[in-house]
There are 2 protein chains.
Amino acid sequence: MPAVAKRADRHTPESLLAVAVDVFNVRGYDGTSMEELAKAAGITKSSIYHHVSGKEELLRLAVTRALDGLFAALDEPGALEGPAVDRFAYVVRRTCLELVRNLPYVTLLLRVRGNTGAERDALERRREFDHRVADLAAAAVADGDLRPDLDPRLTARLVFGLVNSVAEWYRPDGPVTGETVADALGSLVLDGLRPRS
Amino acid sequence: MPAVAKRADRHTPESLLAVAVDVFNVRGYDGTSMEELAKAAGITKSSIYHHVSGKEELLRLAVTRALDGLFAALDEPGALEGPAVDRFAYVVRRTCLELVRNLPYVTLLLRVRGNTGAERDALERRREFDHRVADLAAAAVADGDLRPDLDPRLTARLVFGLVNSVAEWYRPDGPVTGETVADALGSLVLDGLRPRS
DNA sequence: TCAGACTAACCGACCGTTCGGTAGGATCGA
DNA sequence: TCGATCCTACCGAACGGTCGGTTAGTCTGA
């Protein structure tokens, strides 16, 4: 009884979110007005408030989605079982794929600065994520499976800076697939650019 | 006769720029009001316009400074002479050091999205910089000094994404020096994280 | 007929910017 | 030496415009 073809409403919180995230990523959250959002969605400004409580809720929905996707990777078997170095490599690869799969949402998350409550909450969850990955890198160094001459915290920061930077240029309609990026990135991180002698 | 001790004015375009860049980096350019800028500088909003033409000029001054510093590295002997792989490594290291040395300005540059004229001009110069670095990577691959199985454009993007990501977490008053970051980064890029057998 | 999707008109607050005016050191003619 | 004059740095008040959000009501399909 719920699924009896309602009126083909043009907008849902979900569809508005998709539009909003795209506009936020182009103009920036602060640089985007509700009027612009409305125009992009083909609706009037006031109509947006029929579906969502306001601008900040759209941001909160977006970054929550991105964070849920990233944290999900940490709870998968590949991130929980086996040698730390393998788990580290798995998380790096998996995060990269998640970023590409969920590109607009993760991109928005990575640009959050902490001006609003939603942003500050997102930053806190991001810190938690970074912390868990740094622990993984430290464990791999302790196992002797990563170079001991590089500080594990610095390593974790560099590696995830590298992963996150993909959001700055990756385009899903481009020639490069997410798999290709994840492979190149994993190979670069583990083996470097120099040919093995 | 001109240099006879003038009045000790509290503000110059230069000092306002330093304040503005710091505030822009915390709140974002769009998220910063002239009132906030004025409060941070200890001056009234209207007084700012005595020194600079407006908000966008402050942004333009900042990103121009950052870009000039980065391009200067490309014209140094280390980036012009010798094997391509060495020039590539030199530019990576040099860019990293420049980022750390000029942190607030480069950070602001890296966050520019293209909403205003000043931002679009900056993005264009950034693209030019990236292009020249990608050429360097391609030349090094052609020489057989970088792994041929990774696409040089992808490589250049990843490596400079890595360098740029340093701006997200580096703090000059922290325990890590710019030299340390540059060394770790150069070593990671060339040799990877895996211990050499 | 009635609930829900939607809109035009509007609100107070705040935006970047401008303007008229002022304090006070520098300059200069006498 | 001293008053008149000028200039630079600065300020308070206000501008037109835009912001995110609200209100009161219309339209529409079942």
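Keep in mind that the numbers below use all heavy atoms, side chains included, and drop hydrogens, waters and symmetry copies. All chains are named by letter (A, B, ...) in the order of the sequence lines, taking the proteins before the strands, and each is independently numbered beginning at 1.
- Rounded to 10°, the angle separating the first-five-pair axis and the last-five-pair axis of the helix from C/dT1-D/dA30 to C/dA30-D/dT1 equals 10°.
- Residue A/H50 has no polar side-chain atom (N or O) positioned under 4.0 Å from OP1 or OP2 of C/dT7.
- In this structure, the NZ atom of B/K39 is 14 Å from the P atom of D/dC11, given to the nearest Å.
- Between the NE2 atom of A/H11 and the P atom of C/dG4 there is a distance of 18 Å, rounded to whole Å.
- Looking only at atom types and distance, the side chain of A/T32 has no donor-acceptor partner in the side chain of A/E36 under 3.5 Å away.
- Atom-to-atom, CD1 of B/I48 to C1' of C/dC19 comes out at 16 Å; the value is rounded to the nearest Å.
- Under 4.0 angstrom from either OP1 or OP2 of C/dC6 there lies no side-chain N or O belonging to A/T44.
- Cation-pi geometry between A/K55 and A/Y49 is not met at under 6.0 angstrom from the ring centre and within 45 degrees of the axis.
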Do nucleotides 12-18 of chain C as a string where each nucleotide becomes B, S or -: B if the base has a protein heavy atom under 4.0 Å, S if just the sugar-phosphate does, - if no protein is that close. ---SBBB

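- Between A/D173 and A/R171, none of the side-chain N atoms (NZ, or NE/NH1/NH2) sits under 4.0 Å from a carboxylate O, so this pair counts as no salt bridge.
- Taking atom CD1 on A/I43 and atom C1' on D/dC27, their separation rounds to 14 Å, with Å as the unit.
- Checked by atom type, the side-chain pair B/S187/A/R147 shows a donor-acceptor distance below 3.5 Å.
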